[in-house]
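What follows is a single structure, written as structure tokens, with notes after it.
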2 protein chains.
Amino acid sequence: MDQGNTGDGDLFGEEARSVELLWGERAGPSRGPKPGLTLAAITAAAIEIADTEGPAALSMQRVAKTFGFTTMALYRYVPGKRELVALMVDTAIGPPPDLAAVPGGWRPRLAEWAMRFWAALVRHPWATRSTAGHRALGPNELGWMDAGLRALEGTGLTGAERLDTLALVTSYVRGMAQQTVTVAGGPAGTDEHAMAKMIAGLVHRYGDRHPAVTAALAEAAAVPEAQETGLRYGLDRILDGLARLIDSRRHPERS
Amino acid sequence: MDQGNTGDGDLFGEEARSVELLWGERAGPSRGPKPGLTLAAITAAAIEIADTEGPAALSMQRVAKTFGFTTMALYRYVPGKRELVALMVDTAIGPPPDLAAVPGGWRPRLAEWAMRFWAALVRHPWATRSTAGHRALGPNELGWMDAGLRALEGTGLTGAERLDTLALVTSYVRGMAQQTVTVAGGPAGTDEHAMAKMIAGLVHRYGDRHPAVTAALAEAAAVPEAQETGLRYGLDRILDGLARLIDSRRHPERS
DNA sequence: TAGAACTGTGTATAACATAAACCAATTGCT
DNA sequence: AGCAATTGGTTTATGTTATACACAGTTCTA
């Protein structure tokens with residue numbers, strides 16, 4: 001464990017390098033031969049690979065080969081694979097949306113935020129996979145956080161509530177994106193179908209043990225729903241629940 | 001791609017073996033030497049390793065070593081690591097809860113389900129990590145699904161709505177568990193703190209670019225909240241939103 | 001112009017999953 | 001009882017992975 005100095009707003013060791021890269025804080029070197037690569041180019045190539053061939057196909061060798069360089073050449077730009085993935089995630093998510101133009105207050109604003117976040121996630125399925133757990137936060141991701149919290153300004157919610165609200169929406173959208181998303185390495189879109197087929201197969205065999213699943217599936221099978229319908233359904237429930245809280249803050253007498 | 005026969009309720013290839021293992025469908029062999037290991041023992045050992053040393057430390061060699069066996073010995077019991085992980089996940093989640101005794105209708109029942117699911121997930125942080133994406137469903141996991149759907153019986157929701165509702169709650173709880181969870185390999189409990197510290201550090205440096213994050217954090221910093229408060233907050237919003245929908249189904253005249 | 005800093009390469013290592021061949025133990029069948 | 005089929009565990013081997021280290025060539029600066 002390399003802790004190093006843990007100053008006030010300081011980051012320690014491994015993470016510090018990640019943050020430096022993510023936030024573009026490396027001093028531009030002047031001496032030495034011209035670099036044949038760019039951080040942006042490397043990141044873009046890595047994203048391209050992960051998008052088309054799946055996250056399992058992403059290796060340092062694979063990325064280096066697309067440039068005709070040796071594997072080790074990449075280590076002149078990136079400290080390690082972890083950091084590269086962090087870069088990939090933040091780049092893939094992209095800059096946060098500007099929701100100032102969305103009319104109608106917090107509700108359509110937060111909804112728009114959620115739908116755009118979802119779109120960004122399903123565009124790069126591996127991002128949700130790699131996002132799990134503790135890792136350095138990139139500027140884009142922090143920007144998304146800020147945009148989401150901005151949608152909640154003026155709602156009367158406390159700071160903690162606003163943060164928890166964003167965690168609620170984020171967790172939900174991320175989770176849905178994970179489930180919607182493709183198989184590792186396979187073409188997009190297949191997964192939902194395969195998953196449904198597998199569940200159907202299991203229910204067909206062991207359905208008697210799981211009556212509630214069987215019943216719900218049977219009833220739902222009659223009316224197939226569109227791709228985003230499920231996401232919208234949950235989002236509306238969340239927004240309704242939020243509306244209730246926000247209204248109760250504005251009209252405390254109604255309880 | 002080994003598709004094989006894709007019958008009606010049939011599963012194909014690689015997945016079929018996973019399902020067989022998960023659902024305990026292997027014919028007990030009679031001839032040959034006595035097995036020195038058990039699927040259950042192997043799974044338990046693997047879980048122990050993942051729990052204490054993190055998912056990164058889980059390797060076939062590491063598992064085999066705990067029994068004093070060769071790595072390859074494991075392959076007599078498990079087709080591969082993927083299948084072992086699937087077993088681990090289903091075992092770690094454990095049998096579904098019986099919520100019949102919970103009084104008060106769907107709302108406390110679903111809440112209880114969510115809290116227990118959350119508890120099961122945070123007990124084994126790696127489970128949420130491995131659960132991502134397409135994989136074989138185990139009996140315990142399907143049991144949890146059934147228990148959750150059962151809580152929604154009699155609510156007047158359609159089959160599709162009940163499924164979407166469960167997806168909503170599951171996605172949220174899973175997402176929260178992921179964020180709450182420990183660093184890979186590190187001791188549990190550190191993560192939340194480290195994450196908060198990192199965000200604080202970033203805001204300290206780049207806060208001016210992210211006023212909403214800064215404001216929310218500053219406001220929230222005054223009143224530190226308990227571990228499960230965040231989870232409960234979002235859950236209550238979801239339940240409120242659901243209640244609105246369910247009520248509107250019962251009293252259609254009120255809009 | 002000499003040296004320092006930097007880039008890309010070649011080589012090496014350790015960990016990993018897993019395949020194939022092999023021996024020994026056990027049991028069912030004859 | 002004995003043989004053959006079956007299975008468990010080991011040995012050995014292969015291909016892939018990330019990444020450390022030393023070196024050669026390049027370019028800027030003092």
Side-chain angles (χ1 to χ4, degrees), chain A residues 2 13-14 17-18 20-21 26-43 45-46 49-50 53-88 126 130 135 184-185, chain B residues 2 13-14 17-18 20-21 26-43 45-46 49-50 53-88 126 130 135 184-185:
Chain A
D2 52 338
E14 205 176 306
R17 270 179 305 180
S18 241
E20 273 178 32
L21 280 178
R26 49 195 194 126
S30 50
R31 277 184 279 202
K34 292 172 191 170
L37 295 175
T38 331
L39 245 191
I42 293 175
T43 307
I49 292 171
E53 303 171 46
L58 182 77
S59 70
M60 299 303 260
Q61 11 259 337
R62 182 74 188 72
V63 174
K65 200 169 64 177
T66 65
F67 296 105
F69 279 16
T70 323
T71 306
M72 290 312 294
L74 295 182
Y75 287 87
R76 295 287 172 198
Y77 300 85
V78 177
K81 195 184 182 181
R82 273 193 89 78
E83 288 79 1
L84 175 56
V85 172
L87 272 171
M88 289 170 61
W126 44 267
S130 316
R135 87 199 175 293
Chain B
D2 52 339
E14 205 176 306
R17 271 179 305 181
S18 241
E20 273 177 33
L21 281 178
R26 49 196 192 126
S30 51
R31 277 185 275 203
K34 292 172 192 169
L37 295 175
T38 330
L39 246 191
I42 293 174
T43 308
I49 293 171
E53 303 172 46
L58 181 77
S59 70
M60 298 303 261
Q61 11 257 337
R62 183 74 187 71
V63 175
K65 200 169 63 177
T66 65
F67 296 106
F69 280 16
T70 324
T71 307
M72 291 310 295
L74 296 183
Y75 286 86
R76 295 286 173 196
Y77 300 85
V78 176
K81 196 184 181 183
R82 272 195 90 77
E83 288 80 2
L84 175 56
V85 172
L87 272 171
M88 290 169 62
W126 44 267
S130 316
R135 86 198 176 292

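Proteins come first, then strands; the chains are lettered A, B, ... in the order of their sequence lines, and each starts at number 1.
In this structure, the CE atom of Met60(B) is 17 Å from the C1' atom of dT14(D), given to the nearest Å. Between the CZ atom of Arg31(B) and the P atom of dT30(C) there is a distance of 10 Å, given to the nearest Å. Atoms CZ (Arg82(A)) and P (dA18(D)) sit 13 Å apart, rounded to a whole Å. When the P atom of dG10(C) is taken as reference, atom OH of Tyr75(A) falls 17 Å away, rounded to whole Å. Atom CG of Leu74(B) is separated from atom C1' of dT10(D) by 13 Å (rounded to the nearest Å).
Residue contacts shown for Tyr77(A) are limited to sugar-phosphate atoms, with no base heavy atom under 4.0 Å away. Base contact: Thr70(B) has a heavy atom under 4.0 Å from a base atom.
With hydrogens and angles ignored, a donor-acceptor pair under 3.5 angstrom links the side chain of Arg76(A) to the base of dG8(C).
Considering only side-chain N and O atoms, Gln61(A) lies under 4.0 angstrom from the phosphate OP1 or OP2 of dA18(D). For Lys81(B), a side-chain nitrogen or oxygen approaches OP1 or OP2 of dA17(C) to under 4.0 Å.
Without hydrogens or angle criteria, Lys81(B) side chain to Leu58(B) main chain gives a donor-acceptor distance under 3.5 Å.
Side-chain proximity of Pro33(B) to the nucleotides dA25(C), dC28(D), dT26(D) is greatest for dA25(C). Set against dA17(C), dG8(D), dT18(C), the side chain of Pro35(B) has dG8(D) as its closest nucleotide. Distances were taken from every side-chain heavy atom of Ala73(A) (C-beta onward) to each of dG9(D), dG8(C), dA20(D); the shortest belongs to dG8(C).
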